[in-house]
S.K.: 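This structure is in structure tokens; I'll ask about it shortly.
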Amino acid sequence: MTKPDLDRIITYTEALREATDQEMGRDPSVVIFGLDVDDPKAIQGTTKGLLQKYGKERVFGTPLAEDAMTGAAIGMALAGLRPIHVHIRMDFLLLAMNQLINVAAKSRYMYGGKVNVPLVVRSMIGKSWGQGAQHSQGLYSFFMHVPGLRVVAPTTPYDAKGCLIEAIRDNNPVMYVEHRILHFQKGPVPEASYTVPMGKARITAIGEDITLVGISYMQLECLRAQRYLATVGISAEVIDPIWLSPLDIDTIVASVRKTGRLVVVDNGWTTCGASAEIAAQVAERLQDERPIKIHRMGFAPVTCPTTPALEASFYPTSRDVAAAAHCLVRPGTTWMPEERADLQCIDFKGPF
Amino acid sequence: MTNESLYQSLYRIRRVEEEIAKVYPTDKIKSPVHLSIGQEAVAVGVCEALETRDIAFGTYRSHALYLAKGGDMKQMIAELYGKDTGAARGKGGSMHLIDLPKGIMGTSAVVGTTIANAVGYAYALKYQRKDAVVVSFMGDGATDEGVFHESLNFAALKALPLIFICENNQYAIHTHQKLRQAQANIWERARAYGMVSERIEHNDVFKVYERVKAAVDALRAGQPGPYFFECMTYRWKEHVGPNEDYNLGYRVRSEAEPWMQDDQVPRIGALLDSSVRQPIEAAIEAEIREAFAFAEASPFPAQSELYTAVYDEA
């Protein structure tokens, strides 16, 4: 086997487009649709050129009908297609919950294993430039709660491509979560098709003193925090779970067994969230084995405000993560790193 | 379609459900049952116009649809008993019947839900250039739901090979249509979305067959769909369970009586000579005895089954 070509650098959105194109090319049962999928902006470019290449039966915009279109996607999947349903904001999935929870997740089980629902639901989480109450929610923990669904939230362009291909080929419904800011990330992506296997986390930085688990966009803030912590001699291990369901708790537990300290940073609220689930599973596994310290971080427990003056405090930053980690490693001391230009959060510029 | 086949189907459904109602008080059936008694003519009229390869999606009140479309009776009764030999291995119950070889793609407890699934299935069949049509059964209550309107719009937009069947029994549990909808014109609303639509009165099995057959023929000939039929019918029993409920006061028995006098089962039976009718009835009685005996004798699923079929790990 030849080593994957990691010299080619492309964006997250290009990786998504390429994954979709390659899967549509190899399998005529793959179709993609959703609001604006076939419009000139082509979902941040992620569906660009697909209409011209595969035609309007396989690539189409839909009426504004998330409930019925999700149900229709399930019907297509039952008939042997592999639909990809795209939502430009995750908040709109709330209009589709009946179909996702009551039908997509349950059909295989409640029909005694006779049917499959090979469906991919792509949805995007917004941040900054006034995304506000209804364009900013990371609601993936809702879907982690329900047996029958897979949930994935890739951070890098490499994982974006490999996870999307893995999701399309899977015979089960997969909630594929994209953070809007990650769309701008660039990284190495092999041109040839490949999959990133589900249920496997990635250790993105090796360390000894504390484990930082960052979900979706918060993976970037954890990696920045790791660099801040290094300046004061704290060695942080950083983990990207990538797949939230199935969740690779073994990799996280192995890390915390070593470090004894865990900070889970979520791109959502902490209450009943992914961070709560990870913290609980780690505690259950290690509580009789060694003393551990656990801290969760996520959205402030309020509705996301639009004004930048307040929004800045709604999200944990890399400096907040570093400070919290420092507090666990060196209890009784407080420290907040000076902001470094090279570790600044790149905010999303409007209008959209 | 022959008078014999209509009677066979009508009598089979009626008698199975009468047996379910009889057995129900023993608690052997561990599943809510929403009986179709009184409404059989719609499912029978529709399914007589279909082929096995055609696809049907239904509601939680789908015993009639399941049987009329050719669903396996043994698997149905075993499913009601929660047995491993059931249509869904005991994991679905009466509200989630399925028989893939017969084109019965599933039924849902949440009102209106399968309408959208039927639309998607029809989209796939059209894309796959398959010579089959999809039938979506719903009650009048489902037409209150938003998904009904979204689904009809998309089905018309894409001219799908699909037939919507609204079984209008006038009640959503205990609430009459006139307390839920300002206009009693479900069929007209469907037409407004851009499809051929009509109301079929009087629970008339011949009329249902004739109109649906014409629609199926047109779709098979490549004419654009969808079609919509509002089929007027009446539920004789309570919403869920084996009993009558005229004592509750939300409806009166005199409202039901014209429907009972117009019962399609004896109406079609009377068209047959007793030498034809009796063997049909005898065969069905034997099939029912066999189906209940099969359900009784079948094992419950093993404990390990609790954890299977959540995901396809293939």
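Order of the sequence lines sets the chain letters (A, B, ...), proteins ahead of strands, with each chain counted from 1.
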S.K.: Which bit of B/Y127 comes within less than 4.5 Å of chain A, counting heavy atoms only: side chain, backbone, both or neither?
M.R.: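 Backbone plus side chain of B/Y127, per the 4.5 Å heavy-atom cut-off to chain A.
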S.K.: Is atom OH of B/Y24 surrounded by more than 12 heavy atoms (other residues, nucleotides or ligands) closer than 6.0 Å?
M.R.: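 More than 12 within 6.0 Å, yes.
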S.K.: Minimum heavy-atom separation for B/T113 to A/Q99, with atom names?
M.R.: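 Taking B/T113 first and A/Q99 second, the nearest heavy atoms are O-NE2, 3.0 Å.
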S.K.: Let's test your reading of the structure: which of A/A65, A/S107, A/G113 forms the most heavy-atom pairs below 4.5 Å with chain B?
M.R.: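 Top option by heavy-atom pairs under 4.5 Å: A/A65.
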S.K.: Any side-chain heavy atom of B/H96 within less than 4.5 Å of one from A/Y111?
M.R.: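 Yes, close enough: below the 4.5 Å cut-off.
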S.K.: With a 4.5 angstrom heavy-atom cut-off, which part of B/V110 approaches chain A: side chain, backbone, both or neither?
M.R.: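 Contact with chain A is through the side chain of B/V110 alone.
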S.K.: Please state whether the side chain, the backbone, both or neither of B/L157 comes within less than 4.5 Å of a heavy atom of chain A.
M.R.: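 Only the side chain of B/L157 comes within 4.5 Å of chain A.
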S.K.: Kindly indicate, with the supporting measurements, whether the criterion side chain to side chain contact (heavy atoms under 4.5 Å, CB included) is fulfilled by B/Y123 and A/F33.
M.R.: CA-CA 12 Å; B/Y123 187 93; A/F33 55 89; over 6 Å; no
S.K.: Looking only at atom types and distance, does a side-chain atom of B/K158 sit under 3.5 Å from a main-chain N or O of A/E57, one as donor and one as acceptor?
M.R.: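 Not at all, since once roles are kept as given, no pair shorter than 3.5 Å links the two residues.
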S.K.: Do you know which of A/K106, A/M76, A/R58 has the most heavy-atom pairs with chain B at a distance under 4.5 angstrom?
M.R.: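 So the answer, after comparing A/K106, A/M76, A/R58, is A/M76.
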S.K.: Of the non-hydrogen atoms in A/P63 and B/F154, which two are nearest, and what is the gap between them?
M.R.: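 Closest heavy-atom pair between A/P63 and B/F154: CD-CD1, 3.6 Å.
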S.K.: Would you mind checking which part of B/F148 comes under 4.5 Å of any heavy atom in chain A, side chain (CB onward), backbone (N, CA, C, O), both or neither?
M.R.: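 Nothing of B/F148, per the 4.5 Å heavy-atom cut-off to chain A.
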S.K.: What heavy-atom pair brings A/V115 and B/M105 nearest, and what distance separates the two atoms?
M.R.: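 It is CG1-CE, 4.4 Å.
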S.K.: Which heavy atom of A/A72 sits nearest a heavy atom of B/V119, and at what distance?
M.R.: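 Looking at all heavy atoms of both residues, the closest pair is CB-CG1, 4.4 Å.
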S.K.: Go through the steps to decide whether A/L81 and B/Q128 satisfy the test side chain to side chain contact (heavy atoms under 4.5 Å, CB included), and finish with yes or no.
M.R.: CA-CA 9 Å; A/L81 300 188; B/Q128 294 160 338; 3.6 Å; yes
S.K.: Hey, is CD on B/E313 packed in by over 12 heavy atoms from elsewhere, all under 6.0 Å?
M.R.: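 More than 12 heavy atoms, drawn from other residues, nucleotides or ligands, come within 6.0 Å of this atom.
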S.K.: For A/K48, I'd like to know if atom NZ has over 12 heavy atoms of other residues, nucleotides or ligands within 6.0 Å.
M.R.: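 No - once you tally the heavy atoms of other residues, nucleotides and ligands closer than 6.0 Å, there are 12 at most.
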S.K.: Out of B/E79, B/M95, B/R129, which one racks up the most heavy-atom pairs below 4.5 Å with chain A?
M.R.: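 When all of B/E79, B/M95, B/R129 are compared, B/R129 has the most.
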S.K.: Side chain, backbone, both or neither: which part of A/P118 has a heavy atom under 4.5 Å from chain B?
M.R.: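 Looking at A/P118, nothing touches chain B.
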S.K.: Is there a donor-acceptor pair under 3.5 Å between the side chain of A/Y109 and the backbone N or O of B/G92?
M.R.: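 Not at all, since once roles are kept as given, no pair shorter than 3.5 Å links the two residues.
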S.K.: So which part of B/L306 gets closer than 4.5 Å to some heavy atom of chain A, the side chain, the backbone, both or neither?
M.R.: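 When you check distances to chain A, atoms from both the backbone and side chain of B/L306 fall under 4.5 Å.
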S.K.: Return the CD to OG1 distance between B/E150 and A/T70, rounded to the nearest 0.5 Å.
M.R.: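 Answer for the CD-OG1 pair, B/E150 versus A/T70, is 9.0 Å.
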S.K.: Could you go through the side chain to side chain donor-acceptor pair (under 3.5 Å) check for B/D312 and A/N172 one step at a time?
M.R.: CA-CA 6 Å; B/D312 181 3; A/N172 304 282; 5.9 Å; no
S.K.: Contact part of B/L100 toward chain A, heavy-atom cut-off under 4.5 Å: side chain, backbone, both or neither?
M.R.: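 Looking at B/L100, just its side chain touches chain A.
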S.K.: What option among B/A109, B/A87, B/A118 has the most heavy-atom pairs under 4.5 Å with chain A?
M.R.: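 With the most close heavy-atom pairs to chain A, the winner is B/A87.
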S.K.: State, to 0.1 Å, how close B/V310 and A/P147 come at their nearest heavy-atom pair, and which atoms those are.
M.R.: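 Closest approach of B/V310 to A/P147: CG1-CB, 4.0 Å.
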S.K.: To the nearest 0.5 Å, what is the distance between CE on A/M69 and OG on B/S151?
M.R.: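 If we round to the nearest 0.5 Å, A/M69:CE and B/S151:OG are 9.0 Å apart.
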S.K.: Show the nearest heavy-atom pair for residues A/A68 and B/A116, with the distance to one decimal.
M.R.: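 A/A68 and B/A116 have their closest heavy atoms at O-CB, 3.5 Å.
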S.K.: I'd like to know if the side chain of A/R108 reaches the main chain of B/Y311, judged simply by a donor and an acceptor atom lying under 3.5 Å from each other, with no hydrogens or angles considered.
M.R.: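 Side chain of A/R108 to backbone of B/Y311, a donor-acceptor pair under 3.5 Å: yes, one is there.
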